[in-house]
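Numbers here simply count residues along the sequence, with the first being 1.
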Amino acid sequence: MTKYDTDKPIYLQIIDRITKQVIRGEIKPGDRLPSVREMAIQSEVNPNTVQRTYQEMERMGMVETRRGQGTFVTENNTVLIQLKVEMEKQVIERFINGMRELGIEDQNIVHSVQMFLKGGEDRD
């Protein structure tokens, strides 16, 4: 059963999931997405939610709908790079805000990240 965060609209969560799959290369530029009905079944949501998801993704330039053929991931590399940069910014912003909420100063955040990436632990 698919779990959704109650703090964020489901269609946005589906967009995030698809965007991550595109960024990781699991879904390639030019690939056809499942039909609205298929995606609704896979995502365990109402088809209207998937329709809204696809419409929003089309508005973002991430996908294009071809009449009678389906919905396809854009092959516009500029749009795909922009999506990746935006997703990176969102992840970093959530992380930094969480660390700051803990009262951790920026220089310590940087140090902790560096230590984590090196595979060590720093317990000063």
Side-chain angles (χ1 to χ4, degrees):
M1 181 171 196
T2 307
K3 294 195 180 201
Y4 292 102
D5 183 352
T6 57
D7 295 336
K8 186 174 184 178
I10 291 173
Y11 81 97
L12 292 176
Q13 293 177 63
I14 295 171
I15 290 172
D16 286 349
R17 186 182 77 221
I18 293 170
T19 301
K20 288 174 185 175
Q21 290 175 310
V22 170
I23 289 170
R24 288 192 301 257
E26 295 169 11
I27 300 174
K28 307 232 182 301
D31 280 359
R32 182 183 175 279
L33 296 179
S35 71
V36 169
R37 184 172 285 123
E38 292 168 337
M39 181 64 83
I41 292 168
Q42 288 175 16
S43 302
E44 300 176 334
V45 298
N46 186 298
N48 292 334
T49 302
V50 175
Q51 186 63 42
R52 183 169 184 190
T53 300
Y54 283 6
Q55 287 172 344
E56 182 64 19
M57 289 169 55
E58 189 162 17
R59 189 193 63 73
M60 295 165 60
M62 184 176 169
V63 300
E64 59 183 52
T65 301
R66 300 179 195 153
R67 190 171 186 90
Q69 296 181 346
T71 303
F72 296 81
V73 176
T74 185
E75 295 184 69
N76 183 333
N77 227 13
T78 303
V79 170
L80 297 173
I81 290 169
Q82 186 178 357
L83 284 170
K84 183 175 182 177
V85 168
E86 185 57 37
M87 185 72 71
E88 287 174 5
K89 286 165 83 173
Q90 289 174 13
V91 170
I92 290 169
E93 183 178 349
R94 281 192 304 268
F95 170 75
I96 297 297
N97 288 339
M99 294 294 276
R100 287 178 176 161
E101 284 175 12
L102 293 173
I104 300 172
E105 295 179 12
D106 290 357
Q107 64 197 28
N108 290 336
I109 294 171
V110 171
H111 178 73
S112 295
V113 169
Q114 289 172 335
M115 292 302 296
F116 181 84
L117 291 174
K118 289 178 184 175
E121 291 186 34
D122 190 355
R123 304 259 188 222
D124 327 56

Report the C-alpha distance between Met87 and Asp16 in whole Å, list the side-chain angles of each, state the deciding distance to 0.1 Å, and finish with yes or no for side chain to side chain contact (heavy atoms under 4.5 Å, CB included). CA-CA 8 Å; Met87 185 72 71; Asp16 286 349; 4.2 Å; yes
Could you grab the distance from atom CD of Glu86 to atom CD1 of Ile23, nearest 0.5 Å is fine? 10.0 Å
Crowding at NZ, Lys8 (>12 non-hydrogen neighbours, <6.0 Å): yes
Measure from the side-chain N and O atoms of Glu56 to the backbone N and O of Leu12, and report whether any donor-acceptor pair falls under 3.5 Å. no
Does Ser43 use its side chain to pair, donor to acceptor, with the backbone of Val45 at less than 3.5 Å? no
Calculate, to the nearest 0.5 Å, the distance between atoms OG1 and CD1 belonging to Thr19 and Ile14 respectively. 11.5 Å
When hydrophobic residues are tied together by side-chain contacts of less than 4.5 Å, even through go-betweens, does Val113 share a cluster with Leu102? yes
Val79-Val73 co-clustered via ILVMFWY side chain contacts under 4.5 Å: yes
Is it the case that one hydrophobic cluster holds both Ile41 and Leu33, taking links as side-chain heavy atoms less than 4.5 Å apart, direct or via other members? no
Rounded to the nearest 0.5 Å, what's the gap from CD on Glu58 to OG1 on Thr65? Could you check? 3.5 Å
So Arg100 and Asp106, do their side chains get closer than 4.5 Å, heavy atoms only? yes
Is any side-chain heavy atom of Arg32 closer than 4.5 Å to a side-chain heavy atom of Gln69? no
Which distance, rounded to the nearest 0.5 Å, do you find between the CD of Gln55 and the OH of Tyr11? 10.5 Å
Note: Ile27 and Ile18 closest approach over all heavy atoms is CD1-CG2, 4.3 Å
Decide if atom CZ of Arg17 counts as having more than 12 heavy atoms of other residues, nucleotides or ligands within a radius under 6.0 Å. yes
Check the pair Met39 / Thr71 against side chain to side chain contact (heavy atoms under 4.5 Å, CB included), numbers first and verdict last. CA-CA 11 Å; Met39 181 64 83; Thr71 303; over 6 Å; no
Should Pro9 and Arg52 count as side-chain neighbours, where that means a heavy-atom distance under 4.5 Å? no
Verify the neighbour count for atom CD of Gln82: are there more than 12 heavy atoms of other residues, nucleotides or ligands below 6.0 Å? no
Quick one: do Val22 and Phe72 end up in the same hydrophobic cluster if we chain Ile, Leu, Val, Met, Phe, Trp and Tyr together by side-chain heavy atoms under 4.5 Å apart? no
Which distance, rounded to the nearest 0.5 Å, do you find between the CD of Gln13 and the OG1 of Thr53? 10.0 Å
Separation between CG (Leu83) and CE (Met57), nearest 0.5 Å, reads 9.0 Å
Would you indicate whether the side-chain heavy atoms of Leu80 and Pro29 approach each other to under 4.5 Å? yes
Taking all heavy atoms of Tyr54 and all of Val63, pick out the closest pair and write down the distance. O-CG2, 3.9 Å
Under 4.5 Å between side-chain heavy atoms, counting indirect links through other Ile/Leu/Val/Met/Phe/Trp/Tyr residues: same cluster for Met62 and Ile81 or not? no
Testing the basics here: between Asp5 and Asp7, what is the closest heavy-atom pair and its distance to 0.1 Å? OD1-N, 2.9 Å
